[in-house]
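Positions are given from 1, in the same order as the sequence printed here.
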Amino acid sequence: MRIGYGYDVHKLVENRKLVLGGVEIPFKKGLLGHSDADVLIHAIIDAVLGALAKGDIGLLFPDTDEDYKDINSRTLLKRIFRIIQDSGYRIENLDATICAQQPKLQNHIPMMRENIATDLQTEISNISIKATTEENLGITGSGKGMSATSVVLLVKKV
């Protein structure tokens with residue numbers, strides 16, 4: 001059994017799409033990054049890589065590599081699934097939290113869970129996603145950015 005923790009944060013800017021958990025969410029701003037800047041998937045990737053002691057997202061998918069420019073983070077998550085498989089593990093449980101003052105995310109969470117469960121080839125019941133605010137405090141509370149955290153439990157395949 002292996003446990004990993006992941007965290008990611010990105011700045012909100014105009015003229016970018018907002019993508020969280022592979023879901024495009026209507027909003028006046030999007031997250032700035034080399035890829036699609038999906039903070040949720042990036043936190044999940046870091047949690048998995050941490051559980052497997054394989055570094056972090058920047059090590060595997062550096063922002064200096066043009067191959068990853070504007071890449072869909074679900075593509076990266078599918079590559080991470082292959083690493084999980086090759087390491088002899090499977091997802092037992094994944095718990096993630098998105099921190100954003102706006103927009104309200106509750107209606108989008110079911111699709112995020114479905115996307116992540118599909119990409120990690122696990123039951124949707126193994127995927128928990130929550131959303132919260134910082135009550136107008138900090139980078140997310142001021143509307144300057146969004147962050148996400150994730151904890152994953154991997155178990156050996158039988």
Side-chain angles (χ1 to χ4, degrees), residues 2-65 68-77 79-81 84 91-120 122 124-154:
R2 305 290 297 244
I3 298 170
Y5 170 78
Y7 170 79
D8 195 38
V9 62
H10 283 276
K11 181 179 180 178
L12 277 166
V13 297
E14 294 186 10
N15 300 315
R16 287 276 295 192
K17 292 179 182 178
L18 177 59
V19 180
L20 296 169
V23 177
E24 190 173 322
I25 297 168
F27 192 56
K28 59 189 173 195
K29 293 182 178 180
L31 294 168
L32 181 62
H34 186 69
S35 66
D36 63 5
D38 188 327
V39 293
L40 176 60
I41 289 180
H42 294 184
I44 290 168
I45 288 171
D46 271 351
V48 169
L49 292 173
L52 296 172
K54 298 218 181 253
D56 62 26
I57 192 169
L59 182 64
L60 263 63
F61 312 114
D63 63 6
T64 55
D65 188 332
Y68 305 118
K69 179 74 175 142
D70 297 321
I71 195 167
N72 183 322
S73 292
R74 289 187 69 192
T75 300
L76 304 179
L77 190 60
R79 292 180 189 175
I80 292 302
F81 173 70
I84 294 170
I91 299 284
E92 178 70 16
N93 186 59
L94 187 149
D95 186 25
T97 303
I98 305 164
C99 190
Q101 196 63 39
Q102 292 179 36
K104 294 296 181 193
L105 300 174
Q106 198 62 43
N107 292 337
H108 303 285
I109 288 175
M111 181 56 71
M112 292 178 202
R113 290 179 67 217
E114 187 174 313
N115 287 346
I116 292 163
T118 297
D119 295 346
L120 294 176
T122 190
I124 197 165
S125 61
N126 293 338
I127 307 296
S128 170
I129 299 172
K130 304 172 296 297
T132 191
T133 70
E134 284 188 319
E135 304 296 330
N136 297 307
L137 299 171
I139 188 172
T140 63
S142 67
K144 293 180 181 176
M146 291 184 181
S147 66
T149 58
S150 180
V151 177
V152 65
L153 173 63
L154 303 178

Ignoring hydrogens and angles, tell me if any N or O in the side chain of [X] forms a donor-acceptor pair with the backbone of [Y] under 3.5 Å.
{"X": "R113", "Y": "I127", "value": "yes"}
{"X": "D56", "Y": "D46", "value": "no"}
{"X": "H34", "Y": "D65", "value": "yes"}

Say you draw a straight line from [atom1] of [X] to [atom2] of [Y]; how long is it, rounded to the nearest 0.5 Å?
{"X": "I98", "Y": "T133", "atom1": "CD1", "atom2": "OG1", "answer": "13.0 Å"}
{"X": "I41", "Y": "S73", "atom1": "CD1", "atom2": "OG", "answer": "5.5 Å"}
{"X": "R74", "Y": "L120", "atom1": "CZ", "atom2": "CG", "answer": "10.0 Å"}
{"X": "I57", "Y": "L77", "atom1": "CD1", "atom2": "CG", "answer": "9.5 Å"}
{"X": "T122", "Y": "E92", "atom1": "OG1", "atom2": "CD", "answer": "8.0 Å"}
{"X": "T140", "Y": "E135", "atom1": "OG1", "atom2": "CD", "answer": "10.0 Å"}

Identify each donor-acceptor pair in which a side-chain atom of residues 16-26 lies under 3.5 Å from a protein atom, sequence neighbours left out, and give them as a table.
residue : atom : partner : partner atom : Å
R16     : NE   : L31     : O            : 3.0
R16     : NH2  : L31     : O            : 3.2
R16     : NH2  : G33     : O            : 3.4
R16     : NH2  : S35     : O            : 2.8

Checklist line | Pair listing, side chain to side chain donor-acceptor pair (under 3.5 Å) test, anchored in residues 144-154, at least two apart | finding: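 Sorted result for residues 144-154: empty, none.
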Item checked: Any side-chain donor near an acceptor of the partner, H42 and D8, under 3.5 Å ->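 A pair is found: one side chain offers a donor N or O, the other an acceptor, under 3.5 Å apart.
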Checklist line | With L60 via side chain to side chain contact (heavy atoms under 4.5 Å, CB included) - residues at least two apart | finding: L49, I80, I83
N/O donor-acceptor pairs under 3.5 Å from side chains in residues 100-108, not counting sequence neighbours:
residue : atom : partner : partner atom : Å
Q101    : OE1  : N136    : N            : 3.1
Q101    : NE2  : N136    : OD1          : 3.3

Note to self: Measuring only between side-chain heavy atoms, which start at C-beta, is V151 closer than 4.5 Å to L94?
What the structure shows: no
Item checked: Non-hydrogen side-chain atoms of K130 and D95 separated by less than 4.5 Å -> yes
Margin query: List the residues meeting side chain to side chain donor-acceptor pair (under 3.5 Å) with E114, not counting sequence neighbours, and say none if there are none.
Written below: none
Margin query: Test of understanding: with ring-ring contact (aromatic ring centres under 6.0 Å, His included), list the residues that count as partners of Y68, not counting sequence neighbours.
Written below: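 With neighbours one apart ignored, the set is F61.
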Checklist line | Minimum heavy-atom distance between L59 and K54, given as atom pair plus value | finding: CD2-O, 4.1 Å
